[in-house]
Amino acid sequence: MKKHRMIMSIFLMLCLVCTNVFCFPSAVSAKEISSIYQAKRLAKAKVKGATVTEIDRDYENGTLVYEVQLIKGKKEYDLVYRASDAKLISYGWEIKSMYISKGSGSIISKSKCKKLAKKQVPGGTITRIVRKYSDGISVYKIVMKKGSKKYELKFHARTGKLLEYDWELTTKKTQSTTYIGTEKAKQIALKETGGGHVTKVSFDMDNGVPVYEVEIIKDMYEYDIEIHAKTGKILNFEMDSIYD
């Protein structure tokens, strides 16, 4: 009897472990995105009932991101997730042009359009409003700010219907997000070689890291130096004889 109870206890424990592994996988991977499948799952949870049409893995300002495009009804969605923490850093949708009519009647006033925008982003501050033509339709484009987000809204200038809605996270520029510039990169490289003649300086992205590549000739040697474009740290240093 005791042996039977022990077997049952072990069986129940195994069931609990399996339940945690298979029923709650999102808890394990919620802190980062390491695959296109995870990005797709997050996007479909955000826009329920939508169909994913495209997923891109790319770098934005040195940060790895996943961009997911979806379609649901008359709208096309564009979501961007930061891979390091699975945070949604950009979200937007627009009504497909085939479903937008030119409309009739007079153009609504800017003040009325501002009220419509404030309903969409309560507590937001309007920084710019302009009326223009887009695909032959008169629209109001409004830029707003609220907290750490920047919004862009597009309204039909005759009907007042919201045609596009976008927001993205904004960050304050600090020294760590500012490039040191080519002149500073030259100085760092020349200091490392002890002088010489700079023959080339170029900016590039190396595996998502912004770098300056500096080429220097001194005496009988040619130097190739790779410098982090934000921190000024030397990432790679190569020296070859000019005769080679």
[X], [Y]: one ILVMFWY side-chain cluster at the under-4.5 Å cut-off?
X: Val80; Y: Tyr77; result: yes
X: Leu162; Y: Val47; result: yes
X: Leu169; Y: Val68; result: yes
X: Val198; Y: Met239; result: yes

Once ring-ring contact (aromatic ring centres under 6.0 Å, His included) is applied, what residue pairs with a partner in residues 96-143 remain, sequence neighbours excluded?
none
Listing request: all ring-ring contact (aromatic ring centres under 6.0 Å, His included) pairs with a residue in residues 180-215, at least two apart in sequence or in separate chains.
Tyr179-Phe203, Phe203-Tyr212
Nearest-0.5 Å distance that lies between atom [atom1] in [X] and atom [atom2] in [Y]:
X: Lys46; Y: Tyr91; atom1: NZ; atom2: OH; result: 6.0 Å
X: Lys200; Y: Ile217; atom1: NZ; atom2: CD1; result: 12.5 Å
X: Ile188; Y: Thr231; atom1: CD1; atom2: OG1; result: 8.0 Å
X: Ile227; Y: Glu192; atom1: CD1; atom2: CD; result: 8.5 Å
X: Leu88; Y: Trp167; atom1: CG; atom2: CH2; result: 4.0 Å
X: Asp78; Y: Glu168; atom1: CG; atom2: CD; result: 11.0 Å

Strictly distance-based, threshold 3.5 Å: is any side-chain N or O of [X] a donor or acceptor partner for the main-chain N or O of [Y]?
X: Thr170; Y: Ser148; value: yes
X: Ser134; Y: Ile137; value: no
X: Asp219; Y: Tyr221; value: no

Nearest heavy-atom neighbours spanning [X] and [Y]:
X: Ile100; Y: His156; result: CG2-CD2, 4.2 Å
X: Val65; Y: Arg82; result: CG1-CA, 4.3 Å
X: Ala39; Y: Ile33; result: N-CG2, 3.9 Å
X: Val214; Y: Ala185; result: CG2-O, 4.1 Å

List, by chain and then residue number, the residues other than Ile71 in its hydrophobic cluster (Ile/Leu/Val/Met/Phe/Trp/Tyr, side-chain heavy atoms under 4.5 Å); write none if there are no others.
none
If you link I, L, V, M, F, W and Y whenever their side-chain heavy atoms are under 4.5 Å apart, who else ends up in the same group as Tyr37?
none
Going through the checks in order, is the side chain to side chain contact (heavy atoms under 4.5 Å, CB included) test met by Ile216 and Glu222?
CA-CA 6 Å; Ile216 296 175; Glu222 183 179 55; over 6 Å; no
Check: [Y] and [X] side chains under 4.5 Å, non-hydrogen atoms:
X: Pro210; Y: Met205; result: yes
X: Leu163; Y: Val139; result: yes
X: Leu64; Y: Tyr81; result: no
X: Thr193; Y: Ile225; result: yes
X: Lys186; Y: Val201; result: yes
X: Asp206; Y: Glu226; result: yes
X: Thr51; Y: Leu70; result: no
X: Glu215; Y: Tyr223; result: no

Candidates Val130, Thr127, Ile129, Ile126 - the one meeting side-chain contact (heavy atoms from CB on, under 4.5 Å) with Val143:
Thr127
Those residues at least two apart in sequence (or on a different chain) that pass side chain to side chain donor-acceptor pair (under 3.5 Å) with Glu238 are Asn236
List the residues meeting side chain to side chain donor-acceptor pair (under 3.5 Å) with Ser97, not counting sequence neighbours, and say none if there are none.
none
Would you mind writing out the side-chain donor-acceptor pairs for residues 106-125 within the sub-3.5 Å range, not counting sequence neighbours?
| from | atom 1 | to | atom 2 | distance (Å) |
| --- | --- | --- | --- | --- |
| Ser109 | OG | Ser111 | OG | 3.1 |
| Ser109 | OG | Lys112 | N | 3.3 |
| Lys118 | NZ | Gly124 | O | 3.2 |

Listed partners of [X] passing salt bridge (Lys or Arg N to Asp or Glu O under 4.0 Å), at least two apart:
X: Arg158; value: none
X: Glu54; value: none
X: Lys154; value: Glu164
X: Glu213; value: none

Pairs involving residues 63-73, ordered by first then second residue, that meet side-chain hydrogen bond (donor to acceptor under 3.5 Å, both in side chains) (sequence neighbours left out)
Arg57-Tyr66
Can you confirm whether Lys74 is buried at NZ, in the sense that more than 12 heavy atoms of other residues, nucleotides or ligands lie under 6.0 Å from that atom?
no
Neighbour count above 12 (heavy atom, 6.0 Å) for Lys218 NZ
yes
Could you walk me through whether Met144 and Lys150 pass the side chain to side chain contact (heavy atoms under 4.5 Å, CB included) check?
CA-CA 6 Å; Met144 304 179 70; Lys150 175 186 175 183; over 6 Å; no
